[in-house]
Protein chains: 2
Amino acid sequence: MRKSAGVAEVPQKAQGNLPKTARGEATRRAILAAAERVIGSKGYNDASIGHITSEAGVAQGTFYIYFSTKEQVFSELVLEMGRLVRHEIAEATQGFENRLDAERAGLQAFLEFVQAHPDLYRIVQEALFVDPDAYQEYYETFAAGYKTGLIAAEAAGQISKGDADTRAWALMGIAKSLGEQLVVFKSDKPIPDIVEAAYSLIERGIRP
Amino acid sequence: MRKSAGVAEVPQKAQGNLPKTARGEATRRAILAAAERVIGSKGYNDASIGHITSEAGVAQGTFYIYFSTKEQVFSELVLEMGRLVRHEIAEATQGFENRLDAERAGLQAFLEFVQAHPDLYRIVQEALFVDPDAYQEYYETFAAGYKTGLIAAEAAGQISKGDADTRAWALMGIAKSLGEQLVVFKSDKPIPDIVEAAYSLIERGIRP
């Protein structure tokens, strides 16, 4: 197996009642996907557990097998979206041994994820008010993995020397801002064009 | 007068009851500064007009000379913070004829503004839920000015050719993310170190 040049995975905190069967896991994911749509469109305050179970097509009692409160499903949704986006990027960058190639593929994968999950921004931004710990974990987990990847790439001579911490936050900021332009400000620029323009800046910015 | 290489000013929409005297303007600014502290610490829902006038040291009736509702003072606060940050950047970059020097000075000015206004992120992010139009105006005004500056710099041969729109959002994203690392995630890295590391990426990323 080739070593990935992508975003490193970082351990997560406990996730409540994790299901033991594949079917249970599918139900839990269906509830989280419904929470994503319902909280994304109504906002946290106006969303109810009834809305979420109705959207998921499960009985209200089923919700309580996996989550105990609306607060808990929201926190888990924020962390799950973080895991999903990091997983997508890790998958997309796995084939690349060179960090610069991985940066391009990772940015493209991130923007595609954002387009498929247009409520991501609204949900994560609302976490700053509803669950600041989940907000912090979302970004700091991402930043820690990014930084680890940059340090490894610098050691391998794939990128120039530089402050990996500031670079990680700067590169995350580029991706986050371009994703927000795409889905919150509804830009109609095709993702490949965005990636090409941004990657040109990134590649020249950090290449050896 | 030298031409500024900084962020261009873009016309604003109407701002409600604008005071006609310097004293009136000072009172209006005091109310907005109080709203910044109160809404920044309590959040929009828990902040009241009474809290704001008490923090500002003015009578409640005085509030209504300038604003009619809490919604209105919040919207005006978001737009005022946008004007203030663009003004700071324009001031800081005015002396530079070269866009790259202006980028560095602008990033430094932005991070200093953020450090002096630690509630900026919380307030602007809350606008996505409380007043999406103000949120949109805040970022789109910023992006439009940034883009105009990049197009002029490209025409003057000060930066390489590239998609000014995507570059504007990418560079805004860098500044926004580093500012958030500083005040929301409470990094203790000194601003000059952040600027040096980020500017190295930016300078190499867009220089001719």
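Because the structure is a prediction, the values reported are computed rather than measured. A note on names: the letters A, B, ... follow the listed sequences, proteins ahead of strands, and every chain is numbered from 1.
Listed by chain and residue number, A/His117 satisfy the ring-ring contact (aromatic ring centres under 6.0 Å, His included) test with A/Phe113 (two or more places apart in sequence, or in another chain).
For a heavy-atom cut-off of 4.5 Å, chain A lies close to B/Ser177, B/Leu178, B/Glu180, B/Gln181, B/Val184, B/Phe185, B/Lys189, B/Ile194, B/Ala197, B/Ala198, B/Ser200, B/Leu201 in residues 177-201 of chain B.
The candidate from B/Asp165, B/Ile206, B/Leu171, B/Ile202 with the greatest count of non-hydrogen atom pairs under 4.5 Å with chain A is B/Asp165. When each of A/Arg167, A/Arg122, A/Arg207 is checked for heavy-atom pairs under 4.5 Å with chain B, A/Arg122 comes out on top. Taking A/Lys176, A/Glu203, A/Gln136, A/Met172 one by one and counting their heavy-atom pairs under 4.5 Å with chain B, the maximum is reached by A/Gln136.
A/Glu140 touches chain B through its side chain: at least one heavy atom from C-beta onward sits under 4.5 Å away, while N, CA, C and O do not.
At distances below 3.5 Å, not a single donor-acceptor pair connects side-chain atoms of A/Lys161 with backbone N or O atoms of A/Ala155.
For the residue pair B/Arg204/A/Ser160, the side-chain donor-acceptor check at 3.5 Å is satisfied. Checking A/Tyr121 against A/Glu126 by side-chain atom types alone, no donor-acceptor pair falls below 3.5 Å. For the 3.5 Å distance criterion, the side chains of A/Gln108 and A/Glu112 qualify, holding a donor opposite an acceptor. Between the side chains of A/His51 and A/Ser54, no donor-acceptor pair is found at a separation under 3.5 Å. Side chains of A/Gln72 and A/Glu76: a donor-acceptor N/O pair is absent below 3.5 angstrom, by distance only.
Ion pairing between A/Glu80 and A/Arg29 holds under the 4.0 Å rule for side-chain N and carboxylate O.
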